[in-house]
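So that the names make sense, note that chain A is the first sequence line, chain B the second, and so on, each numbered from 1. Everything numeric here is computed off the predicted structure, so don't read it as measured data.
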Amino acid sequence: MAESKPGEVMEKIVSLSKRRGFIFQSSEVYGGLNGFWDYGPLGAELKRNIKECWWRSMTQLRDDVVGLEASIIMHPRIWEASGHTSTFSDMMVDCLLTKKRFRADQVDPQSGVVHHFIAAVDATEFEKLRKDTLLQKDSLSQTSCVPEANKLLESIEDVGTALSKGFIKLKPTVNSAEFIEILKRLGATSGYNSNTDAYSVLVPKGKPIESAVRVAREIYAKGSASKPVVVWSSAADVAGSTRFNPENGAPLTEPRPFNLMLKTYVGPVESADNLAYLRPETAQAIFAQFKNVLEVSRQKVPFGIAQVGKAFRNEINPRNFTFRSREFEQMELEFFIRPEEAIEAIYGSVTKPSAPGHPGEPQPNWGWQIWHQYWVEERLRFYENIGLPRNSLVEYWQQPEELAHYARATVDILYKFPFSKRDEKGELMGEELEGIAARSDFDLSQHQRFAGKTMTVFDEELKTTWPKLSPVKQSELRERYFQARSKYLTKAGEPSDKGEKLAQEDADLLTKGYYVPHVIEPSAGVDRLALALICSAYCEDQAPDDKGKLESRVVMKFHPRIAPIKVAVFPLLKNKPELVKKAKEVRELLRPHMTVFYDEAGAIGRRYRRQDEAGTPFGVTIDFDTLGEQGAELKDTVTLRERDAMTQERVRISDLPARLCATIR
RNA sequence: GCGGGUGUAGUUCAAUGGUAGAACGGCAGCCUUCCAAGCUGCACACGUGGGUUCGAUUCCCAUCACCCGCUCCA
């Protein structure tokens, strides 16, 4: 990473992304669309490589994980079961003064006196109006506003001190709606400026009206009037109101639904019956298809289901280039494990983590904690394997208060993006690339309840082991499992008698070898990873020009495994047909094995530099030696140029495929 | 969602109330025996919509987008 100012690095990366065809703004010719991005030729290759690396390491190189590719639109009930419908459609209110946002159901009810304000006038203008009216000034009479202005002032109690108090009180006989009408007419005919919005402010009982006036003036001051004099109309006692900000008594907006799922309609009719959502995460499809996959894959718990696919969230505030987008791609694994009661029944004990770091090859008696640790370490290895240095990553253990209610533990893997916040020591804190969550049996249990279909697995080993346990052990394990199920059902909102009954049934099932598996979920963002790899690869260094003078060079130091183009093939000169012919032969030789880019335009140094910006790790140049002009021993050898060190090496053409394939796999 | 800033070729930047230049990049050609050489030619831009004006890329308003700070991030 180049040592520039933080904002500048990001700007350079954004501009290079466009210049070289990594990332474009979506719908750019129409002015763009907030939160959506497209990948150009190099970006598309980069993303493919990321996904392929992930897929290979998660499924093809393992025995215990299989794949799934589910539809983006699923049954709406899935999102009820997962909790997305309710949490995504919370009613939210905003404080009109501080703009702070609250969940409507979490505002503490307040009691006290509500002061109603119906308008505000600018202090300077009000004073001018008052004087002009008293003096019957021309400016008013010319627009025949005198009667209006007179009527306005007559409606007010104690006009003289209104300015110093900061508020106007209407005479009890005055109709406030008529007063507003006069204000508006004055504004329309003479340009007299006022704000006719109404606000109410709550103050505790016994507090003077001035404290309400102060809050009201601040609210009006955010509008047109810089020094507002507010118009007070009435006050009333209230009890248990949730319409005011508990912190300052300022009014809150009407509760507004706040749904972060993108909606669509299935079928041609836009009715509530047809409402569907674009999935906000890919994980739920895995849970919903759990039984089908289990049935056909000949897998047994512990095993996992992996999926790569698009997801959509109607983010409030897309930010930081592609980092927070409304359409994005996820790579998720749901790894199903036995509940600890089953492990203990079968193996006598449960293995827990004993030391930090990778715990090694999975063992059948591993408990959820060690499985969780295993996946954290596996994922860190993955990132290092595709070129993110360990010191650019942060392993962050979520604090208990940060955990989602169903999660037992979550580790975030963060990458230190240039736009990351810094801690008090000035170190980049990092932004989330992936979360590895231990989610207990929450998800499958939810779908079991909502769909009314069993999500249990049958464990032959458990069934045969259980009868051999001592009655004491049996009842201990059964009780623990009952308690766990009972806790879940209570949290899920089942009435206590029904919850108790269901938990007893679950506990009975355990003794017969059935249980709902628990799950460890490593969930990563493809686009975030692509951005991290681009940021990590970006590098400015010095390279000599053809006269040996050092010039700055931009080079994308992608790991060969994920580099969009693996090798570029150049004839040294393009006007020598023998060189061109040979170079094209080399291109065809390599093409079946990797992405190859052929370039014959311009000087050779220029072509190297072009590939440096694309992040192509290798350049192969065909020269006159290749043709055998310097003798037979150099015939059919080429220059292999390495991107980062710019070193050159003489390599036999026949050795090239194996040589290059070794580095890109 | 709030506040501030910015929108001119692919990129980075100029200039201007009378419809725009450069550098680099791109393409084509010539040349060129290993790190952005040279020469010739070509293509490409005032984010969008209103308003003011005889005339707007320029001034005003709105909108969209991007950046920064807050807010939010199940």
Side-chain angles (χ1 to χ4, degrees), chain A residues 6-8 10-12 14-21 24-37 40 79 82-90 92-103 222 253 256 258-261 280-281 313-321 323-324 326 402-407 419 421 431-432 435 542-555 570-576 579 600-613 619-627 629-630 638-643 646-648 650:
Chain A
E8 283 176 16
M10 235 17 241
E11 273 175 42
K12 284 177 180 174
V14 171
S15 120
L16 179 128
S17 292
K18 179 165 191 199
R19 177 156 39 93
R20 285 294 164 186
F24 304 128
Q25 210 177 8
S26 165
S27 322
E28 197 192 78
V29 291
Y30 288 101
L33 187 59
N34 188 252
F36 296 90
W37 300 90
W79 308 115
S82 70
H84 287 85
T85 307
S86 57
T87 51
F88 266 51
S89 56
D90 284 339
M92 305 293 283
V93 291
D94 296 327
C95 170
L96 286 173
L97 181 58
T98 61
K99 304 295 177 194
K100 191 170 168 179
R101 178 162 291 153
F102 301 87
R103 268 177 59 176
K222 290 183 172 293
T253 55
R256 291 176 290 194
F258 215 71
N259 199 310
L260 295 183
M261 282 195 288
E281 62 172 38
R313 292 181 195 183
N314 218 343
E315 292 285 352
I316 303 162
N317 194 357
R319 266 299 168 88
N320 290 328
F321 200 24
F323 184 79
R324 174 161 296 136
R326 291 189 162 122
E402 294 176 279
L403 290 173
H405 63 89
Y406 48 77
F419 52 77
K421 300 246 162 58
E431 301 287 338
E432 184 182 345
Q542 304 277 304
D545 65 12
D546 68 325
K547 295 172 193 71
K549 205 179 85 195
L550 283 181
E551 287 189 357
S552 75
R553 166 180 89 133
V554 171
V555 50
F570 314 117
L572 184 59
L573 300 173
K574 96 163 157 181
N575 59 357
K576 297 288 185 289
L579 290 177
E600 57 181 30
I604 188 69
R606 180 188 208 72
R607 284 177 269 164
Y608 284 149
R609 295 299 175 83
R610 278 200 277 249
Q611 293 307 312
D612 287 342
E613 275 203 341
V620 167
T621 303
I622 285 75
D623 60 15
F624 293 95
D625 294 354
T626 315
L627 303 176
E629 289 190 4
Q630 295 297 314
V638 291
T639 305
L640 180 63
R641 183 257 193 187
E642 198 276 330
R643 175 196 63 204
M646 292 183 282
T647 49
Q648 299 191 340
R650 207 70 203 173

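- Straight-line distance between the C1' atoms of B/U58 and B/U52: roughly 13 Å, to the nearest whole Å.
- Distance A/Glu11 CD to B/U6 P: 14 Å, rounded to the nearest Å.
- The separation between A/Leu33 atom CG and B/U63 atom P is 17 Å, rounded to whole Å.
- A heavy-atom distance below 4.5 Å is not found between the side chains of A/Thr621 and A/Arg641.
- Straight-line distance between the C1' atoms of B/A15 and B/G4: roughly 27 Å, to the nearest whole Å.
- Atoms NZ (A/Lys421) and P (B/C73) sit 13 Å apart, rounded to a whole Å.
- If you take atom P in B/C13 and the same atom in B/G17, they sit 22 Å apart, rounded to whole Å.
- Counting only heavy atoms from C-beta outward, the side chains of A/Arg326 and A/Pro318 approach each other to under 4.5 Å.
- To the nearest angstrom, P of B/C66 lies 14 Å from CZ of A/Arg324.
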Legend entry - Contact state string [nucleotides 32-48 of chain B, B base, S sugar-phosphate only, - no protein heavy atom under 4.0 Å]: BBBBBB-----------
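- Among the nucleotides B/C70, B/C67, B/C66, the one closest to any side-chain atom of A/Asn317 is B/C70.
- Nucleotides B/C27 and B/U63 have their C1' atoms positioned 36 Å apart, rounded to a whole Å.
- Within the 4.5 Å cutoff, the side chain of A/Phe570 has no heavy atoms near those of the A/Glu600 side chain.
- Taking every heavy atom of both residues into account, A/Leu572 and A/Arg607 meet most closely at O-NH2, 3.0 Å.
- Closest-nucleotide positions on RNA chain B for A/Pro318 and A/Ser15 were compared, and the one nearer the 5' end corresponds to A/Ser15.
- Remark: P of B/G26 and NZ of A/Lys18 are 16 Å apart, rounded to the nearest angstrom.
- Atom-to-atom, CZ of A/Phe419 to C1' of B/C68 comes out at 14 Å; the value is rounded to the nearest Å.
- Between A/Arg650 atom CZ and A/Thr639 atom OG1 the span is 4.5 Å, to the nearest 0.5 Å.
- With P as the reference atom, B/U12 and B/G7 are 12 Å apart, rounded to whole Å.
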Report, one pair per line, the protein and nucleotides 60-62 of chain B atoms (nitrogen or oxygen only) whose separation is under 3.5 Å.
none

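- Counting only distance, with no hydrogens or angles, the side chain of A/Thr85 and the backbone of A/Trp79 share a donor-acceptor pair below 3.5 Å.
- Note that the NZ atom of A/Lys574 and the CG atom of A/Leu579 stand 13.5 Å from one another [nearest 0.5 Å].
- Atom CD of A/Gln611 and atom P of B/G26 are 11 Å apart (whole Å).
- Residues A/Leu260 and A/Glu315 have side chains not in contact (no heavy-atom distance under 4.5 Å, counting atoms from C-beta outward).
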Inset, instruction - Begin from the C-alpha positions of A/Arg553 and A/Glu613 and carry the test side chain to side chain contact (heavy atoms under 4.5 Å, CB included) through to its verdict. - result: CA-CA 9 Å; A/Arg553 166 180 89 133; A/Glu613 275 203 341; over 6 Å; no
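- B/U40 and B/C31 are spaced 16 Å apart, taking the P atom of each and rounding to whole Å.
- The structure places CE of A/Met646 at 11.5 Å from OH of A/Tyr608, a figure rounded to the nearest 0.5 Å.
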Legend entry - For RNA chain B, the dot-bracket pattern of Watson-Crick and G-U pairs whose distances stay under 3.5 Å, | for other-strand partners: (((((((..((((....[..)))).(((((.......)))))....(((((..]....))))))))))))....
Legend entry - salt bridge (charged side-chain N to carboxylate O under 4.0 Å, His left out) assessment of A/Lys18 paired with A/Glu28: CA-CA 11 Å; A/Lys18 179 165 191 199; A/Glu28 197 192 78; 3.0 Å; yes
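- Rounded to whole Å, the P atom of B/A37 lies 9 Å from the corresponding atom of B/G26.
- The side-chain heavy atoms of A/Phe624 and A/Gln630, taken from C-beta on, include no pair separated by under 4.5 Å.
- You'll find the side chain of A/Glu281 reaches within 4.5 Å of the side chain of A/Arg313, heavy atoms only.
- Comparing the P positions of B/G3 and B/C42 gives a spacing of 50 Å, expressed to the nearest Å.
- We find that CG of A/Leu16 is positioned 19 Å from P of B/C24, with the value rounded to whole Å.
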